[in-house]
Amino acid sequence: MLWLGAMAAKANGEACGLCGGRTYLIERRGELATARVCTCSVDCPMCGGRGHRLVQKEGTFSAKVGPRTYEVLEPCVCTLRRTRVALYNDVQMPGVMAHASFDNYRPFNEAQDRGRGVAMHFANQYVKGATNKGFVLSGPVGTGKTHLIAATLGHLVLEMGVKTRYVEISLLYATIRRGFQDGKSGGEIIGPLSEVEVLAIDELGKGRGSPFEMETLDELIARRYNAGRTTLFATNYSLEPERKGARSSAPSGYRTTDDARSAMKDAELLRERVGERIYSRLCEMCTFVELPRDTPDRRRTRQEMDAPPPMGGMRNPGR
Ligand SMILES: Nc1ncnc2c1ncn2[C@@H]1O[C@H](COP(=O)(O)OP(=O)(O)OP(=O)(O)O)[C@@H](O)[C@H]1O
Ligand SMILES: [Mg+2]
Ligand SMILES: [Zn+2]
Ligand SMILES: [Zn+2]
């Protein structure tokens with residue numbers, strides 16, 4: 001019945017109530033967010049389910065004969081859709097992000113508004129195969145950094161067919177460590193991540209700062225930087241270039257776990273967490289967006305924020 005309802009809505013020229021006319025849905029399935037073709041678009045009226053269509057083209061092959069029309073077999077839009085849905089399922093986006101879109105992101109201050117603007121601009125202006133400048137979103141917990149990354153990757157994959165991957169940095173370190181026990185080299189895991197067209201690295205700066213972690217991160221970012229590939233980042237560490245009273249001796253190399261622990265208290269700058277080599281590359285690869293420390297944690301204040309806003313607040317009117 002749902003299917004008929006959706007088809008009827010389409011026939012009347014309304015957008016499908018399930019997918020809003022996007023023809024695909026993103027849903028949480030276990031730990032991951034997965035995409036599927038919406039019921040309104042499973043049966044394709046364009047190609048009758050064949051998956052390809054004959055398209056009329058015009059071309060001039062010789063001056064004598066002049067322009068001629070001819071037919072070519074092209075993949076139907078439904079084939080493209082199925083391919084992109086399959087591609088989304090390779091992103092490995094966490095299931096909790098299945099709902100995240102640009103439409104349901106609400107900025108509560110100017111920095112979040114700018115963050116959304118930078119992410120949307122990146123997504124809309126992305127040119128396949130070209131060098132595209134990525135972005136770094138820095139800010140406190142629960143401020144929608146991963147949400148914006150999920151919305152961006154969703155757009156790239158499902159609207160444009162770009163190959164992307166999402167990784168949370170400490171899970172990546174853990175995966176590589178586990179791989180060592182199974183006789184895999186770090187390179188086997190880093191290799192595909194170095195080569196994917198767009199990579200999102202979440203929680204940058206997190207971890208123990210051990211030599212293994214620093215080397216892994218250095219290799220991944222240097223390889224992407226050298227190849228001119230686009231990388232997006234989110235971090236809880238600050239991007240502010242200098243802070244009064246901050247230690248001036250930023251570690252440029254690797255440090256021991258004990259050193260890292262004792263530095264934890266005052267090392268809140270991303271530059272100090274990842275070292276000069278990586279930070280310098282980020283400056284060239286990305287646009288920086290910093291959300292202020294007082295940006296509300298959406299996880300804690302969701303109910304309060306979902307109530308009607310106070311007069312004159314920054315909150316978007318919503319839809
Ligand atoms: N501005 C916002 N508009 C709508 N939803 C938001 C916003 N900020 C956060 N959320 C929602 O709140 C939850 C937490 O957001 P998210 O995981 O993106 O935060 P984060 O900044 O990545 O936090 P952390 O630093 O802890 O990783 C998610 O469900 C997300 O969709
Ligand atoms: Mg996050
Ligand atoms: Zn639909
Ligand atoms: Zn079709």
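Sequential numbering from 1 along the given sequence is applied to the chain's residues. Note that ligands are numbered from 1 as they come in the structure, with each ligand's atoms numbered from 1 the same way.
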Just to the nearest 10 degrees, tell me the angle at the Zn ion (ligand 3) spanned by C16 SG and C38 SG.
-> 110°

Taking M93 as the fixed residue, which of L153, I26, L32 is the one that meets the side-chain contact (heavy atoms from CB on, under 4.5 Å) rule?
-> L153

In this structure, which one of T231, T230, V157 forms a side-chain contact (heavy atoms from CB on, under 4.5 Å) with V198?
-> T230

May I ask you to check if any N/O/S atom from H52 comes under 2.8 Å of the Zn ion (ligand 4)?
-> no

Here the pair of heavy atoms bringing T83 nearest to T79 is OG1-O, 2.6 Å

C44 SG to C78 SG via the Zn ion (ligand 4), rounded to 10°, gives 110°

Ring centroid separation F61 to Y70 under 6.0 Å | yes

What angle sits at the Zn ion (ligand 4) between SG of C47 and SG of C76, to 10°?
-> 110°

